[in-house]
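Take a look at the structure set out below.
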Amino acid sequence: MQELQRLNPEQRRAVLHEGAPLLILAGAGSGKTRVITTKIAYLVIEKSADPMSILAVTFTNKAANEMKSRVTAMSAEAAGVMIRTFHSFGAWLLRRHSHLLGIPATYTICDQDDALVVLKNAAGERYEKQELRRYLRWIERAKDYCLGPEDDLTDVSTDRRLTDIYRLYQQRLEASGKLDFGDLIMRTVDLLRRQPEVRDRIRGRFRVVLVDEYQDANAAQFLLLKELYGPENYLCVVGDEDQSIYRFRGADVQNILRFPEAFPGTEIIRLEENYRSTQNILEAATKVVANNRERLGKSLWSKRGAGLSIGLAVLADEREEASFCAALLEDTAPGADLGNTAILYRNNYQSRIFETVFSRLHIPFRLIGTLRFAEREEVKDGLAYLAFLLNDRDEVAFLRIVNKPSRGIGRSSLEKVCAHRTAGWTEACRAALQELSARSRRGLEEFLAIMEQLSAELPRLRPAELVRKMLELSGLHAYYASKDRTEETGRLQNIEELVNAAREYPRGAEGLAGFLESLRLDSSDEDPYERVNAVNLITMHNTKGLEFDRVIVTGMEDGLIPHYREGMEEELELEEERRLFYVAMTRARDRLILTGCRRRQVFGTYKFRSLSRFLGEMPEGLLEPMTPGAAAPAEEEAGSEYGAGTGVYHDRYGPGMIIRKWQEGGHTLVDARFESGKTARFVLRYANLERISLDDR
DNA sequence: CAAGATGTAATTTTT
DNA sequence: TTACATCTTG
């Protein structure tokens with residue numbers, strides 16, 4: 001197999017390895033995906049392994065899809081290999097054994113929003129939203145550790161009410177015939193433990209189990225691996241303890257650190273040659289992460305030259321930070337692909353200023369990982385109709401859609417329906433009908449009629465047609481069409497997109513359930529691998545597994561990175577933040593630029609900030625200060641230029657023109673007329689008027 | 001019952 | 001600054 005020749009000795013050793021459990025410690029950019037995919041192809045081609053007997057598990061769909069396409073490129077036969085995320089593997093197994101678990105085969109999956117609704121209904125009105133969120137976090141955490149309500153939860157929280165609330169939540173969830181993300185792992189473990197014959201059958205089928213990004217495994221996922229791994233099986237996990245960044249989600253570095261203890265006889269192979277970054281970038285990143293104690297340690301090296309220095313720019317505020325980045329982008333060679341640059345930040349909200357500044361300057365950008373399709377209100381509405389169609393015990397779906405679009409069914413009417421609640425909501429509705437006012441009754445009858453019609457169509461229609469029908473019958477299409485006219489959001493487009501998304505799924509309940517599952521578990525509607533000439537705006541977490549020619553890490557300030565939050569467990573959190581920064585830095589191939597602000601707006605007022613302590617952990621000589629003035633267009637001292645006739649842009653008023661300028665009380669004042677027809681007077685220094693050319697509208 | 005108005009609170013990271 | 005929750009009005 002010629003791919004083997006292209007590997008370095010350690011990579012080859014990892015591919016050829018068999019027998020004992022294998023832990024591959026793969027540094028950033030060391031070609032770990034290549035090793036896994038080649039290993040799969042090697043097993044199929046050279047060792048004549050049955051593709052069906054191989055299971056490869058990842059954490060994100062992004063990674064799973066990437067792996068799938070690379071594997072099939074090497075061997076068409078290997079298309080039969082099962083490559084899934086942990087969650088989707090659990091979902092698959094649970095669906096096939098739903099009869100053993102007392103859950104419907106067409107169960108739907110709760111996302112966090114849905115789970116919060118379930119919890120709210122379960123716990124009653126007496127809790128505030130924030131409290132409920134806290135409890136939900138604890139419940140999720142418990143599930144990360146495979147702990148049920150009856151288990152000792154003191155490691156999760158010592159709150160006395162947690163056990164009760166957790167139990168109520170779980171009952172309510174099960175009564176609704178739904179599973180949450182945690183269930184997908186926890187109940188799979190449960191299934192394999194309680195049904196030894198299922199476990200043995202699975203062990204018999206998947207003789208080879210490969211796990212990517214193992215450093216992000218949580219306790220439940222570890223336990224799942226334990227169940228999958230029998231005496232006849234081969235287990236290989238790949239990971240990098242320095243890139244473990246999902247502690248908040250229950251990921252535990254100890255999982256990878258202690259893998260050799262948990263699986264006796266484990267052999268370790270280190271991949272330390274980095275193929276991605278220049279020496280400078282690598283050295284800086286390595287020096288920073290070396291401050292961590294919780295690591296096995298490896299020494300990354302690269303054959304690439306020293307390369308460019310690492311740029312450091314300190315800007316006045318986040319607005320200047322964004323313009324600085326914009327100037328860098330505008331400086332790039334004509335024809336160069338903006339898609340080769342990524343702008344990274346710690347918190348999602350930091351993207352906002354980049355969006356505004358870039359839009360104004362007509363710099364194309366795309367937000368990666370944020371606007372999740374399935375989490376939009378209008379999409380959730382549509383999905384709720386479909387979920388309810390599959391399972392009329394689904395309380396979350398029912399409450400969402402019974403009166404959306406409005407059918408005149410208000411709170412009091414709903415309470416009457418709830419009083420009749422039995423197993424299914426259809427029944428409860430029918431039972432409550434005669435107690436309702438004429439108006440509410442008509443509305444509810446209409447709702448029931450809609451669902452009945454759709455139910456009749458369910459076995460006959462393919463999901464795409466069914467979705468179309470649902471949008472019409474439910475009135476959602478009309479509802480969002482009229483809304484869209486006034487609000488000009490793309491909501492109508494989004495729900496129509498639902499029709500397209502449903503194509504390719506087989507007809508009937510199973511097909512529909514499969515469609516809903518993929519939407520829930522595969523939220524990546526923006527494909528970072530797709531070539532687009534637009535700069536990438538992305539959180540540090542979301543960059544895992546990605547790489548870019550040029551990376552700008554923004555917000556290099558104490559409090560942002562490392563992120564501060566009260567009550568945090570100092571040392572552990574700090575090491576996690578350091579790993580996150582390490583991940584961010586090692587995404588860069590050729591050029592790494594760090595930016596921070598002297599002050600930043602917090603809740604509308606400016607706060608002074610100090611630079612990130614991580615900057616001090618980098619070798620002195622590698623950092624090269626960049627002067628904002630050189631790259632950013634001069635704005636401050638341009639006061640003298642804002643004469644009458646100057647085109648300006650104001651945040652509130654939009655584009656306009658200066659019509660008069662004069663001095664008064666030591667300040668320069670201007671009057672401006674805007675396109676809206678309004679005029680306004682500003683103190684030039686404070687007004688944040690941006691210059692634009694007049695034909696630039 | 002629903003849309004508008006007004007007041008108050010708050011920003012990690014994601015399958 | 002904005003998001004969201006509660007109150008008020010049509």
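In what follows, chains carry the letters A, B, and so on, assigned in the order in which the sequence lines appear, proteins first and then strands, with residues in each chain numbered from 1.
If you take CD1 of I353(A) and C1' of dT2(C), they are 14 Å apart, rounded to a whole angstrom. As a whole-Å value, the separation of K62(A) NZ from dT14(B) C1' is 10 Å. If you measure from atom CZ of R141(A) to atom C1' of dT13(B), you get 13 Å, rounded to the nearest angstrom. What separates CZ of F181(A) from P of dT14(B) is a distance of 13 Å, to the nearest Å. Look at NZ on K129(A): it is 14 Å from P on dA3(C), rounded to the nearest Å. E577(A) has its CD atom 8 Å from the C1' atom of dT12(B), to the nearest Å. Between the CG atom of N347(A) and the C1' atom of dT2(C) there is a distance of 16 Å, given to the nearest Å. Across the protein-nucleic acid pair, L560(A) atom CG and dT13(B) atom P stand 11 Å apart, rounded to whole Å.
Note on F86(A): nothing from the nucleic acid sits closer than 4.0 angstrom, heavy atoms only. Among the atoms of the strands shown, none is found under 4.0 Å from any heavy atom of T543(A). In this structure, I409(A) reaches the sugar-phosphate backbone alone: every heavy-atom distance under 4.0 Å involves primed, P, OP1 or OP2 atoms, never a base.
Among the nucleotides dT14(B), dT15(B), dC1(B), the one closest to the side chain of N348(A) is dT14(B). The side chain of Q130(A) approaches dA10(B) more closely than any other nucleotide in the set dT15(B), dA10(B), dT12(B). Comparing atom distances between the H563(A) side chain and each of dT15(B), dT12(B), dA3(C) picks out dT12(B) as nearest. Among the nucleotides dT15(B), dC1(B), dT13(B), the one closest to any side-chain atom of H87(A) is dT15(B).
Both tests hold for K544(A) against F59(A): distance to the six-membered ring centre under 6.0 Å, angle to the ring axis within 45°. The cationic atom of R598(A) (NZ for Lys, CZ for Arg) does not lie both less than 6.0 Å from the six-membered ring centre of F608(A) and within 45° of the ring axis.
Regarding contacts with the backbone of dC1(B), every side-chain N or O of S406(A) stays at 4.0 angstrom or more from both OP1 and OP2. Between N218(A) and the phosphate of dT15(B), there is no side-chain N or O to OP1/OP2 separation shorter than 4.0 Å. A sub-4.0 Å separation between OP1 or OP2 of dA3(C) and a side-chain N or O of R352(A) is present. Dashed line: the shortest gap from a side-chain N or O of N542(A) to OP1 or OP2 of dT14(B) is under 4.0 Å. Checking the phosphate oxygens (OP1, OP2) of dT15(B), no side-chain nitrogen or oxygen of N61(A) falls inside 4.0 Å. For T60(A) and dT15(B), the shortest distance from a side-chain N or O to OP1 or OP2 is not below 4.0 Å.
For A584(A), the side chain to side chain contact (heavy atoms under 4.5 Å, CB included) partners at least two apart in sequence or on another chain are L344(A), M540(A), V553(A).
Checking L580(A) against G410(A), the closest nucleotide of DNA chain B that is more toward the 5' end is the one next to G410(A). Checking N403(A) against Q112(A), the closest nucleotide of DNA chain B that is more toward the 5' end is the one next to N403(A).
Note that the CD1 atom of I538(A) and the CD1 atom of I343(A) stand 11.5 Å from one another [nearest 0.5 Å].
Comparing the same atom, C1', in dT13(B) and in dC4(C) gives a spacing of 22 Å after rounding to whole Å.
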* Asked: Stepwise, does the salt bridge (charged side-chain N to carboxylate O under 4.0 Å, His left out) test hold for D114(A) with R520(A)?
  -> CA-CA 11 Å; D114(A) 295 345; R520(A) 266 295 131 82; 3.0 Å; yes
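Under the 30°/60° scheme for interplanar angles, the aromatic rings of Y166(A) and Y169(A) are found to be tilted.
Residue side chain F248(A) meets the stacking definition with respect to dT13(B): its ring centre sits within less than 5.5 angstrom of the base's six-membered ring centre, and the planes differ by less than 30 degrees.
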